[in-house]
Amino acid sequence: MELFLTNTATRRKELFTPLKAADVRMYVCGPTVYDRAHLGNARPVIVFDVLYRLLRHIYGADHVTYVRNFTDVDDKINARAADSGRSIGAITAETTQWFLDDMGAVGAMEPDHMPRATQYIPQMVAMISDLIDKGHAYAKDGHVLFRVRSYQDYGKLSGRSVDDMIAGARVEVAPFKEDPMDFVLWKPSDAAQPGWDSPWGRGRPGWHIECSAMAHELLGESFDIHGGGNDLMFPHHENEIAQSCCAHPGGGFAQVWLHNEMLQVEGKKMSKSLGNFFTVRDLLDQGVPGEVIRFVMLSTHYRKPMDWTEKKRDEAMATLQKWYTQVGSGPAAAADPDPGVVGCLADDLNTAGAIAGLHQLSLTGQAAALRASLQFLGLMGETVPDWALAPQVDLSDWVARLSAARQSALQSKDFSEVDRLKALLTGAGVEVRMSKAGVDLVPGSGFDAARLETGA
RNA sequence: GGCGGGUUGGCGGAGAGGUUACGCAGCGGAUUGCAAAUCCGUGUAGACCGGUUCGAUUCCGGUACCCGCCUCCA
């Protein structure tokens with residue numbers, strides 16, 4: 001099967017050709033662990049989880065390596081520790097586990113490797129030393145900076161030129177920089193800050209070097225896919241490229257760059273000041289199932305802004321409920337997901353098209369294929385989730401009562417008792433289906449036994 | 001100011017240079033004592049102005065508006 005992906009580096013949709021089909025390698029930038037993941041954090045996780053599943057499907061589960069890091073050294077973490085009085089280690093350990101729990105709840109598989117930045121400090125130091133030796137970096141006042149002018153293609157990924165950026169720069173230039181655009185590889189730590197010994201004194205890495213070092217350690221000089229949110233395109237990914245390509249001029253670093261667009265909430269950027277900021281955990285705690293979050297995410301193509309709305313959430317819930325009901329009473333999952341669904345994904349992750357395919361499978365009654373395809377998209381596990389199951393209650397007495405009332409009403413033409421019972425059941429969250437064949441009562445998710453009792 | 005992206009029917013949201021996206025809502029019908037659920041049918045929309053073409057919503061150029069990044073950010 002041919003896979004097409006839009007490569008940010010070339011701005012085109014291209015046929016994906018792995019460097020080694022037996023070893024497809026993908027690196028995705030992971031979270032800085034200082035707080036709960038907000039809803040926006042979930043988008044790249046879900047997008048690249050779909051890609052991971054697709055790559056495993058095409059190349060074989062044993063032939064794909066997916067790396068997603070945890071950034072556990074960062075000044076935001078230091079600030080959080082200072083504010084809360086807790087240790088950095090406690091914060092990062094707790095937050096890391098939260099992230100795994102929350103992303104698991106939205107159906108994301110765990111990557112093959114989840115390196116922590118703090119476990120790769122020696123590799124970073126080595127890489128920085130190498131960059132200095134090669135003339136791409138310089139030490140000054142305990143800092144080490146990357147010499148942007150030493151990398152000719154700097155700015156190519158994001159389509160910027162160094163000169164333009166300097167002209168439009170809004171930041172104050174630190175005195176130890178040779179060039180305003182030079183960025184920090186290593187910076188000194190005071191006694192209160194986490195630090196490691198290095199040739200430039202006790203310090204800590206800058207933001208970008210960790211990904212270069214870990215990608216190199218785990219995936220090599222050249223690998224296939226590097227992903228993340230498009231806000232990372234500049235400066236983070238630009239800097240990664242510069243560091244990695246200068247340190248390893250023989251390698252090509254990432255062949256394909258993939259960037260997902262940002263998330264909005266009810267048409268606006270999610271921000272604390274607008275009061276529309278919430279975490280994945282907030283939604284889960286409100287009773288929004290993880291699959292619903294995932295479904296809404298997948299309903300918009302990854303390269304377009306995704307707007308989270310309550311309307312979408314409700315529609316997604318209703319759709320999944322319908323499919324789960326259909327699949328729950330149907331046959332086991334087919335051996336493979338529907339080719340049409342997979343084909344959509346292979347066309348630059350057209351998840352919206354894949355969902356359209358699911359609708360078709362449902363409409364045409366292909367329950368086995370629907371089930372397999374839902375599972376493939378991570379929208380369903382081995383079993384129908386509890387939230388989608390009809391409550392297990394015995395309503396046979398009510399069925400008998402309603403049937404009897406209806407039978408006599410059909411004779412007497414007085415339907416008042418039937419209507420009373422029907423209203424009672426409906427009010428208690430029971431779906432009432434009456435046909436020539438008889439009466440069928442289906443308790444819905446809002447079933448309330450107490451209300452039935454009071455009207456009995 | 002620089003860079004990047006977007007503008008599709010009531011709403012959401014795709015693909016394709018010429019043939020139904022799809023979903024939700026709506027409308028009509030079947031069904032029902034009436035409903036509900038279900039099923040069937042139903043919607044030529046593509047910001048604006050040019051250009052290329054036998055033909056463009058789909059390609060090219062411009063205009064308008066919107067969004068993101070350029071500072072920690074997914």
Side-chain angles (χ1 to χ4, degrees), chain A residues 6 8 11 28-32 34-35 37-48 68 71 74-77 79 99 155-172 181 207 227-238 259-264 267-271 295-296 298-301 303-307 309 311-312 314-316 318-319 322 325 343-344 347-348 350-360 362-363 406-407 409-416 418-419 422-423 425-426 430-437 439-442 444:
Chain A
T6 299
T8 305
R11 326 260 150 182
V28 174
C29 291
T32 299
Y34 69 103
D35 206 348
H38 66 245
L39 189 60
N41 292 302
R43 171 118 107 139
V45 172
I46 291 170
V47 164
F48 291 104
R68 186 185 63 214
T71 297
D74 184 278
D75 288 347
K76 285 194 293 292
I77 303 171
F99 184 86
K156 200 174 167 192
L157 177 72
S158 53
R160 298 149 198 256
S161 78
V162 174
D163 291 325
D164 286 346
M165 285 187 282
I166 291 169
R170 293 186 258 147
V171 273
E172 204 175 323
M181 294 313 294
W207 174 30
N230 74 353
D231 56 330
L232 294 177
M233 209 161 104
F234 186 88
H236 184 56
H237 289 161
E238 202 72 71
H259 291 99
N260 63 276
E261 252 289 353
M262 298 292 100
L263 175 122
Q264 298 184 315
K268 295 191 176 108
K269 176 168 176 160
M270 183 164 76
S271 72
F295 184 100
V296 171
L298 297 185
S299 67
T300 297
H301 188 88
R303 299 186 69 245
K304 287 198 170 180
M306 144 94 228
D307 193 14
T309 64
K311 185 165 182 272
K312 284 184 184 175
D314 293 343
E315 282 188 15
T319 300
K322 183 175 90 175
T325 302
C344 284
D347 180 15
D348 200 24
N350 182 3
T351 48
I355 287 173
L358 297 180
H359 280 294
Q360 284 310 297
S362 172
L363 190 65
R406 182 154 171 269
Q407 282 308 116
L410 286 171
Q411 300 295 320
S412 66
K413 301 297 175 197
D414 175 10
F415 288 91
S416 57
V418 180
D419 287 339
K422 194 172 77 176
L425 287 159
T426 304
V430 180
E431 194 182 293
V432 179
R433 302 178 185 173
M434 286 187 277
S435 67
K436 280 209 169 72
V439 172
D440 202 10
L441 298 179
V442 183

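In what follows, chains carry the letters A, B, and so on, assigned in the order in which the sequence lines appear, proteins first and then strands, with residues in each chain numbered from 1.
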Worksheet item: B:rG13 phosphate, OP1 or OP2: any side-chain N/O from A:Thr300 under 4.0 angstrom?
Response: yes
Discussion item. Could you tell me how far apart A:His359 (NE2) and B:rA21 (C1') are, to the nearest whole angstrom?
Written reply: 12 Å
Response to the item:
Pairing partner of B:rG33, by Watson-Crick or G-U wobble and under 3.5 Å for both distances, is none
Worksheet item: Quick one: on RNA chain B, does A:Val418 or A:Lys322 contact a more 5' nucleotide (nearest heavy atom)?
Response: A:Lys322
Item to complete: Sticking with atom P, work out how far B:rU57 lies from B:rA64, rounded to a whole angstrom.
Response: 22 Å
Worksheet entry | Nearest-Å distance once atom P is located in both B:rC39 and B:rG4 | 48 Å
Response to the item:
Of the candidates B:rU31, B:rA37, B:rA14, the side chain of A:Asn350 sits closest to B:rA14
Worksheet item: With a 4.0 Å cut-off on heavy atoms, is A:Leu263 in touch with a base, just the backbone sugar-phosphate, or nothing at all?
Response: base
Worksheet entry | Strand partner of B:rC73, provided both Watson-Crick or wobble distances fall under 3.5 Å | none
Worksheet item: Of all the choices, B:rC69, B:rG5, B:rG33, which nucleotide is nearest to the side chain of A:Glu261 once you look at every atom?
Response: B:rG5
Discussion item. Do A:Arg160 and A:Phe234 form a cation-pi contact, if we require the NZ or CZ to be under 6.0 Å from the six-membered ring centre and within 45 degrees of the ring's axis?
Written reply: yes
Worksheet item: If we take the C1' atom in both B:rC22 and B:rA16, what is their distance in whole Å?
Response: 15 Å
Worksheet item: If you round to the nearest 0.5 Å, how far is CG of A:Leu263 from CG of A:Leu39?
Response: 5.0 Å
Practice prompt. Take atom C1' in B:rG41 and the same atom in B:rC54, then report the distance between them in whole Å.
Written response: 35 Å
Worksheet item: A:His259 vs A:His237 aromatic rings, parallel, tilted or perpendicular, using cut-offs 30° and 60°?
Response: tilted
Worksheet item: Taking CG from A:Leu232 and P from B:rG4, how many angstroms apart are they, rounded to a whole number?
Response: 18 Å
Discussion item. Using a 4.0 Å heavy-atom cut-off, does A:Phe234 contact any base of the nucleic acid, only the sugar-phosphate backbone, or nothing at all?
Written reply: sugar-phosphate
Discussion item. Starting the side chain at C-beta, find the nucleotide from B:rC67, B:rA74, B:rC70 nearest to A:Arg160.
Written reply: B:rC70
Item to complete: May I ask you to verify whether the side chain of A:Asp419 and the base of B:rG33 hold a donor-acceptor pair under 3.5 Å?
Response: yes
Discussion item. Can you tell me which nucleotide in B:rA14, B:rC67, B:rA74 comes closest to the side chain of A:Pro44?
Written reply: B:rA74
Worksheet item: Are A:Lys312 and B:rG23 close enough that a side-chain N or O sits under 4.0 Å from OP1 or OP2?
Response: no
Discussion item. Is there a side-chain contact (heavy atoms from CB on, under 4.5 Å) between A:Met306 and A:Lys312? Walk through the geometry before answering.
Written reply: CA-CA 11 Å; A:Met306 144 94 228; A:Lys312 284 184 184 175; 4.2 Å; yes
Worksheet item: Quick one: A:Gln360 CD to B:rA14 P, roughly how many Å, whole number?
Response: 17 Å
Discussion item. Please name the nucleotide paired to B:rU63 by Watson-Crick or G-U wobble geometry with both distances under 3.5 Å, or report none.
Written reply: B:rA47
Worksheet item: On a whole-Å scale, what distance lies between the C1' atoms belonging to B:rU42 and B:rC24?
Response: 15 Å
Worksheet item: Taking only side-chain nitrogens and oxygens of A:Lys76, does any of them come within less than 4.0 Å of OP1 or OP2 of B:rU71?
Response: no
Worksheet item: Between A:Lys422 and B:rG33, is there a side-chain N or O to OP1/OP2 distance below 4.0 Å?
Response: no
Discussion item. Does a side-chain N or O of A:Lys304 approach OP1 or OP2 of B:rU7 to a distance below 4.0 Å, or not?
Written reply: yes
Worksheet item: Rounded to whole angstrom units, what separation is found between the CG atom of A:Asp307 and the P atom of B:rC66?
Response: 17 Å
Discussion item. Rounding to an integer number of angstrom, what distance separates B:rC60 and B:rG17 when you compare their P atoms?
Written reply: 13 Å
Fill in: Atom pair NZ/CG of A:Lys436 and A:Leu410 - distance to nearest 0.5 Å
10.0 Å
Item to complete: Taking atom C1' in both B:rU63 and B:rG26, compute the distance separating them and give it to the nearest angstrom.
Response: 36 Å
Worksheet entry | Non-hydrogen atoms of A:His301 and A:Asn350 that approach each other most closely | ND1-CA, 4.1 Å
Response to the item:
Picking from B:rA37, B:rG33, B:rC24, the nucleotide nearest the side-chain atoms of A:Glu431 would be B:rA37
Worksheet item: Does OP1 or OP2 of B:rG33 have a side-chain N or O of A:Arg406 closer than 4.0 Å?
Response: yes
Worksheet, complete the sentence: Closest of B:rC22, B:rG13, B:rA37 to the A:Ala352 side chain is B:rG13
Worksheet entry | Rounded distance (nearest 0.5 Å) linking atom CZ of A:Phe295 with atom OG1 of A:Thr319 | 4.5 Å
Item to complete: Name the pairing partner of B:rC54, where a pair is Watson-Crick or G-U wobble with both distances under 3.5 Å, or state none.
Response: B:rG18
Discussion item. Using the side-chain heavy atoms of A:Asp231, tell me which of these nucleotides is nearest: B:rA35, B:rA74, B:rG23.
Written reply: B:rA74
Worksheet entry | Base-pairing mate for B:rG41 - Watson-Crick or G-U, with both contacts under 3.5 Å | B:rC27
Practice prompt. Scan A:Arg433 against the nucleic acid and name what it touches under 4.0 Å (heavy atoms): base, sugar-phosphate only, or nothing.
Written response: base
Item to complete: Using the C1' atom on both, measure B:rU44 against B:rU19 and round to a whole Å.
Response: 12 Å
Worksheet item: Between atom CZ in A:Arg11 and atom P in B:rG6, what is the gap in whole Å?
Response: 12 Å
Worksheet item: Please give, in whole Å, the distance from B:rU71 C1' to A:His236 NE2?
Response: 16 Å
Worksheet entry | Nearest-angstrom distance from the residue atom CG of A:Leu363 to P of B:rC40 | 6 Å
Fill in: Nearest-0.5 Å distance that lies between atom CE in A:Met262 and atom CG in A:Asn230
4.0 Å
Worksheet item: Can you tell me how far P of B:rG6 sits from CG of A:Asn230, to the nearest Å?
Response: 12 Å
Fill in: Side-chain donor/acceptor of A:Arg43 to backbone N/O of A:Glu261, under 3.5 Å
yes
Worksheet item: Nearest nucleotide by nearest heavy atom, which residue falls closer to the 5' end of RNA chain B, A:Gly40 or A:His301?
Response: A:His301
Worksheet item: Picking from B:rC73, B:rG13, B:rG33, which would you name as closest to the side chain of A:Lys269?
Response: B:rC73
